[in-house]
Amino acid sequence: MGRWKRVLAAAHPTAGGATGVRWCIVNRMEPYPQSPRRHVPAAIPRPAYVDRPGPEVCDSPDVATAEMVARMREAGRIAHLAMMEGAKHVQPGVTTDQIDAVVHEFICDHHGYPSTLGYRGFPKSCCTSVNEVICHGIPDARPLEDGDLVKIDVTVFKDGVHGDNCTTVGCGSLDQASTDLMTRTKEAMDRGIRAVKPGRQLNVIGRVIEAYAQRFGYGVVRDYTGHGINTAFHSGLVVLHYDQPSLTTVIEEGMTFTIEPMLTQGDYRSHVWGDGWTVVTNDFSRCAQFEQTIHVTRDGAEILTAP
Ligand code: MF3
Ligand code: CO
Ligand code: CO
């Protein structure tokens, strides 16, 4: 159980009243102890960046070959199944480290490498981001509580390529506002995916996602984006979730990238914990995220992170 703190109800729409500024008790996320590093069998090939300091070398192409895409289907499939396996274990009392263990074992059992483990120093095999944590939460000894909103982001490296996906699930009984946020964030991602077509500007994705989010007054996180992905975890290609008309990149058949909107109940602005990873909304409003890795086809998008 975390420490209970007095915070402004106005800054926390799920906990307080809608009118005026009142005090209420809200449980804020905070870091818990982390378990020792998990082992990956030596026979499983790992990405070149593992345990190397500094940025990943992004020499991967924006447009993948058909043969690369075939390998990404398999990495994506394992990433999806591992994520669903982790999500199944979300219930009050289970720690995010236990979720990480489930994800880790599943990936290794399928001869994949958990791409986040050792990525620029990240210590775990997936990201678990709860409530006001936007993304990059580090699995630790915090037991999940009834009503928590839990994001699980899993990436798998197999056969030289990555597949990256994220889902949001409720722990126990979720309040209506969080349930709505979850459903609509999934819908925002699906709309972004449906907007993908060769010849259109990449910016169309952010435009449809932001327009949809604005209907509900949600914040759209700007500091973290979708990204090109294939032989690199994060290639140079950037996929925004908001409208940025100056982004004139054109979508091409064969491109592979993620669409991963993060929508907040309040302000989209964020800060990072002292651990250098955990990203939290400044107003402590809750955040949901969904992510899929897609491949641009002749007339739309193929989802690579699918069973
Ligand atoms: N999977 C995340 C993404 O969607 C990246 C996690 S990087 C980590 O891009 F180091 F935080 F794990
Ligand atoms: Co991603
Ligand atoms: Co991800």
Side-chain angles (χ1 to χ4, degrees), residues 1-2 13-15 27-29 32 76-107 114 116 124-156 163-193 209 213 216 218 221 224 241 258-265 278-281 284-293 303 305-307:
M1 183 87 75
T14 58
N27 193 10
R28 264 192 209 164
M29 293 300 297
Y32 278 64
R77 189 180 73 86
I78 297 166
H80 185 77
L81 294 174
M83 178 185 78
M84 298 310 283
E85 201 54 40
K88 264 196 229 162
H89 286 77
V90 168
Q91 56 167 297
V94 172
T95 69
T96 49
D97 185 64
Q98 286 174 288
I99 308 277
D100 183 73
V102 167
V103 168
H104 180 89
E105 292 309 319
F106 188 97
I107 295 172
T116 61
K124 291 289 163 192
S125 300
C126 64
C127 300
T128 51
S129 306
V130 180
N131 299 338
E132 71 267 24
V133 178
I134 293 175
C135 61
H136 304 168
I138 302 172
D140 63 18
R142 178 186 182 274
L144 293 170
E145 294 176 19
D146 187 60
D148 278 348
L149 188 64
V150 186
K151 281 86 73 187
I152 304 177
D153 191 332
V154 176
T155 313
V156 168
D164 185 7
N165 62 175
C166 176
T167 189
T168 302
V169 289
C171 177
S173 49
L174 197 61
D175 66 274
Q176 190 57 48
S178 299
T179 306
D180 290 345
L181 178 70
M182 198 167 71
T183 318
R184 291 161 178 168
T185 305
K186 167 83 166 59
E187 174 65 19
M189 177 189 70
D190 289 340
R191 285 175 183 237
I193 294 173
I209 290 173
F216 312 102
Y218 294 148
V221 172
Y224 302 87
H241 302 117
T258 71
I259 299 180
E260 48 179 306
M262 290 143 271
L263 304 189
T264 66
Q265 288 178 328
T278 312
V279 181
V280 178
T281 53
F284 303 102
S285 66
R286 286 183 164 205
C287 177
Q289 180 181 26
F290 286 84
E291 171 178 30
Q292 251 154 2
T293 297
I303 293 165
T305 36

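Exactly one residue among Asp140, Thr95, Ile138 makes a side-chain contact (heavy atoms from CB on, under 4.5 Å) with Tyr32. That residue is Asp140. Tested against Val130, the residues Thr96, Thr278, Ile152 include a single side-chain contact (heavy atoms from CB on, under 4.5 Å) partner, Thr96. If you run side-chain contact (heavy atoms from CB on, under 4.5 Å) between Cys166 and each of Met189, Gln289, Glu260, Met262, only Gln289 comes through.
Minimum interatomic distance between Thr293 and Gly163 (heavy atoms only, all atoms of both residues): OG1-C, 4.0 Å. Between Ile107 and Ala82, the shortest heavy-atom contact is CG1-CB, 3.7 Å. Between Glu145 and Cys171, the closest heavy-atom pair is O-SG, 3.3 Å. The two residues Phe106 and Leu81 make their nearest non-hydrogen contact at CZ-CB, 3.4 Å. Minimum interatomic distance between Phe284 and Arg28 (heavy atoms only, all atoms of both residues): CE1-CZ, 3.2 Å. Residues Val103 and Ser125 share a closest heavy-atom pair of CG1-O, 4.0 Å.
Inter-residue side-chain proximity for Phe290 and Thr167 is flagged as met; some heavy-atom pair is nearer than 4.5 Å. Residues Thr168 and Leu181 fail the side-chain proximity criterion, which asks for heavy atoms closer than 4.5 Å. Residues Cys287 and Lys151 meet the side-chain proximity criterion, which asks for heavy atoms closer than 4.5 Å. Proximity of Pro143 to Pro92: side-chain heavy atoms (C-beta onward) are nowhere separated by under 4.5 Å. Ile209 places a side-chain heavy atom less than 4.5 Å from the side chain of Ile259. At a threshold of 4.5 Å between non-hydrogen side-chain atoms, the residues Cys135 and Cys127 do not count as touching. Within the 4.5 Å cutoff, the side chain of Arg142 has heavy atoms near those of the Asp148 side chain. The closest side-chain heavy-atom distance from Tyr218 to Asp180 is below 4.5 Å.
Expressed to the nearest 0.5 Å, how far CG of Leu263 lies from OG of Ser285 amounts to 11.0 Å. Taken to the nearest 0.5 Å, the CG atom of Asn131 stands 4.0 Å off from the CZ atom of Arg286. Of the inter-residue distances, the one linking Phe216 atom CZ with Thr183 atom OG1 reads 9.5 Å to the nearest 0.5 angstrom. One distance of note links CD1 of Ile99 with CG of Leu144; it measures 5.5 Å at 0.5 Å rounding. Distance NE2/His104 to OG1/Thr116: 10.0 Å, rounded to 0.5 Å. Atoms CE and OG, on Met29 and Ser129 in that order, are 8.5 Å from each other to the nearest 0.5 Å.
Salt-bridge formation is detected for the pair Asp97/Lys124: a Lys NZ or Arg NE/NH1/NH2 atom is positioned less than 4.0 Å from an Asp or Glu carboxylate oxygen. In this structure, Glu187 does not pair ionically with Arg184, as no charged nitrogen and carboxylate oxygen lie closer than 4.0 Å.
In this structure a side-chain-to-backbone donor-acceptor pair under 3.5 Å is missing from Asn165 to Gln292.
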- Task: Walk me through it: do Thr305 and Asp164 pass the test side-chain hydrogen bond (donor to acceptor under 3.5 Å, both in side chains)?
- Result: CA-CA 7 Å; Thr305 36; Asp164 185 7; over 6 Å; no
